[in-house]
Each structure stands twice: as C-alpha cells, then as structure tokens.
Amino acid sequence: MRESRPVAVETRHLIQDTLPAISEGGAPAAEVSQYACQRRTTTDNYNVVFTDAFEVLAECYEFNQMDGRCLAFRRAASVLKSLPRGLSSLEETHSLPCLGGHAKAIIGEILQHGRAFDVEKVLSDERYQTLKIFTSVFGVGPKTAEKWYRSGLRSLDHILADQSIQLNHMQQNGFLHYGDISRAVSKAEARALTKVIGETVQAITPDALLALTGGFRRGKEFGHDVDIIFTTLELGMEENLLLAVIKSLEKQGILLYCDYQASTFDLTKVPAHSFEAMDHFAKCFLILRLEASQVEEGLNSPVEDIRGWRAVRVDLVSPPVDRYAFALLGWTGSRV
DNA sequence: CGGCAT
DNA sequence: CGTAT
DNA sequence: GCCG
C-alpha cells in the first residue's frame, strides 16, 4: 500500500500461513497483512471511531494544502479499516504500519476519553466546516472552496446569491442536483441503473461484456455513485460503443450531465508499467435520471419527494476488450 | 531529509 | 482546476 | 505524518 505501484516481488510478499501469535495477556494481537488482498472482507470496519477521526484530520490537512500529512492520515485510516476487529488497547498498534506518534496519540485519547482534542478542534473550526460544505458540491474541490472562503462567503446560499461568481458547467450541475447526488445510492438503485445501461449497450452491440464495479462490486449496500464497465468483443470499437451509449441515453431523455473523456490508452507509450494505463481508457462522468418505477425496492428518497425520479452519479468506463479484466480489477478499487 | 498514485 | 479508482 |  505504501508504494501504490507495482514493486519487485520479495519473500515478504508471499502469502504467509499466519496463525496470530498468542500474546502474554491471552488475546491474539491484532496483526494484519499490509496487503488488502489478504483481508477477509473490504466492507466491515470495526474501527470507525478511529478512522472517522483520522479522516477528519486528513481532510483538514487537505484543506490546508498539506498533501503529505493528509496522505499519512488517509493511510492510517486504511490500515485500521483492514483490521479484523476493533482496537482495544494502544499496545495492539505496535506492529501496525503507517501509525506514528500523532496517530497513536489520537488512538490513545479516543480509547481513554472517547474523543480526541485535535479532532474536536478541527470539527468546531468555522473554516473546516465551511470548506467541508463547499467541497460537498460536485465540481468544487479544495482550491475553489478556499477561494470562496477567502472572499468571505460562508454558505451555499451565499454562493448562489453572488452575481460575481461564474460557476462552470460541472458546478452548475453540482448545485442543480445537490440534494440527489449528496444522498446515498442504494444497491437496488445501482442494479436498476446497471440494467438500464446493460439494455442500452445490448441494443447497440449484442457481443458486449458489462459489469457493475466500484463499491457495489465489493459488496457495499450503499455508495455515492455507480461505476459500470463495459466493452465490445470487436477490438478498437470500444470508444465508439461508449459514444453510442451516451447518445442513446440522451435520446432516452435520462442524460442530465455528461463529461466525456476520450481514451489516452496507447500500448506503445506505457508498455511495462501498465497499472498506470487504468486511467487512460475511454470513460465518462454522468448524472442520470433514474425512474422510481425501475427500482424494485423503490428510490432512496425522502417520503415527501413526489417527483418519481432522482438524479444519480454514474461513471462508465470502456476499455479495449483485451484490457477488460485488468480494468475491472482497477475500477473495483479499494483505497488500500 | 525527500517522497508521498495515477 | 475538477473527476475517478 | 510516516517511512526509508
């Protein structure tokens, strides 16, 4: 995980026959592989109290453009998420990677008092609270949020009321569909959208491969978007397929927003380090209109919402067929 | 002290 | 700069 | 902030 790229295979990379060592106290020390593929599941988190705290600190450092420290706390959170049970003492952190003095101090405080001073301070900070709200808008990152904060703006209503602010297309859609796309997407909604995209793809080319990826493929019940990967068996036609799918969605009247990114994939330019190529397939970031009638368990919407539809963020990726399995692996993700 | 994913 | 994993 |  530290490397975040392929590394030379060493003895320590081989999967060990790990019977956890029984410590003096009796309970086996929480000892976990640094490799996500050796983890039992990728969805359970027995250390939410600690990982939530680390994620607050990571976000705070992100807002302050301290990328290194931000990354350090994101890694610390990932490590705790990979544990098979909740931490119950500081000693259990001794063998864990990516946890240093600061992270351990936070864990110690939370173990003792249920909260940590540094985290409480960040949570009560006006700048943090405001940047958190601004960056919750699709299309608004830390730089834009900071710019708005510096000019004295403190709420989304202030942003919308300010005549001098020029929202780009992505941000306009972020505000337009704010309620819908900040609400969780259910597994039933993801299945419904997979069916819509599947039928659309099928109508264009019968010899297609398609899969739901991202968090839902990892077994999550809820997500913040839907990731779908598909391709055609006809090598070289995958970009045309994606463009045809987008046109069809538009014709069906369900395409609310589309940011298309053409493939930059070129085998001759990235031969050896092909993991970098994952990013280079044709893809698009969409906002789609999902009809309530298409979702078996109904929409994940408040009861007072009588529209009969909701907007959902959907990402489509279309790799060449000989890269399909590889892209599926990449887009099934996990930060670890 | 430099690097930190693409 | 934003998005995604 | 953590690590090599």
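Only this structure's heavy atoms are used, side chains among them; waters, hydrogens and symmetry mates stay out. In the text below, chain A, chain B and the rest are named by the order of the sequence lines, each starting its count at 1.
Checking A:S248 against A:Q252 by side-chain atom types alone, a donor-acceptor pair falls below 3.5 Å.
For the OP1/OP2 pair of C:dA4 and a distance below 4.0 Å, the side-chain nitrogens and oxygens of A:H224 include at least one atom meeting the criterion. A close approach under 4.0 Å does not occur between any side-chain nitrogen or oxygen of A:T213 and OP1 or OP2 of C:dT5. The phosphate of D:dG1 has neither OP1 nor OP2 within less than 4.0 Å of any side-chain N or O from A:R74. Between A:R75 and the phosphate of B:dA5, there is a side-chain N or O to OP1/OP2 separation shorter than 4.0 Å.
Closest approach to the A:T144 side chain among C:dG2, C:dT5, C:dT3 is made by C:dG2 (side chain taken as heavy atoms from C-beta onward).
Rounded to an integer number of Å, the gap from CG of A:D225 to P of C:dA4 is 6 Å. The separation between A:L96 atom CG and D:dG1 atom P is 19 Å, rounded to whole Å. Rounded to a whole Å, the NZ atom of A:K104 is 10 Å from the C1' atom of D:dC2. A straight line from OH of A:Y257 to P of C:dG2 spans 13 Å, rounded to a whole angstrom. Atom-to-atom, OH of A:Y61 to C1' of B:dG3 comes out at 18 Å; the value is rounded to the nearest Å. Rounded to an integer number of Å, the gap from A:F281 CZ to C:dT5 P is 16 Å. Whole-Å rounding puts the A:F216 CZ to C:dT5 C1' distance at 15 Å. For the pair A:F73 CZ and D:dC3 P, the computed distance is 12 Å after rounding to whole Å.
Side-chain N or O atoms of A:Q171 include one that pairs as donor or acceptor with a backbone N or O of A:G139 at under 3.5 Å. Using modelled atom types, no side-chain atom of A:T144 and backbone atom of A:V140 make a donor-acceptor pair closer than 3.5 Å.
Within 4.0 Å of A:D259, counting heavy atoms only, lies no atom of the nucleic acid at all. Looking at heavy-atom distances under 4.0 Å, A:R217 makes no contact with the nucleic acid at all. In this structure, A:G68 reaches the bases: a heavy-atom distance under 4.0 Å links it to at least one base atom across the strands shown. As judged by a 4.0 angstrom heavy-atom cut-off over every strand, A:F285 is placed among the base-contacting residues. Within the nucleic acid shown, A:L99 comes within 4.0 Å of sugar-phosphate atoms alone, with no base atom in reach, counting heavy atoms only. Counting non-hydrogen atoms under 4.0 angstrom, A:N168 reaches nothing in the nucleic acid.
Contact check for A:H102 versus A:D118: side-chain heavy atoms found under the 4.5 Å cut-off. For the pair A:I204/A:N240, no side-chain contact is recorded, criterion being any heavy-atom separation below 4.5 Å from C-beta on.
Separating the P atom of D:dC2 from that of B:dA5 is a span of 16 Å, rounded to the nearest Å.
When both pairing distances are held under 3.5 Å, C:dT5 makes a Watson-Crick or G-U pair with B:dA5.
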side-chain hydrogen bond (donor to acceptor under 3.5 Å, both in side chains) between A:Y128 and A:E59, intermediate numbers included
CA-CA 8 Å; A:Y128 170 81; A:E59 201 171 24; 2.7 Å; yes
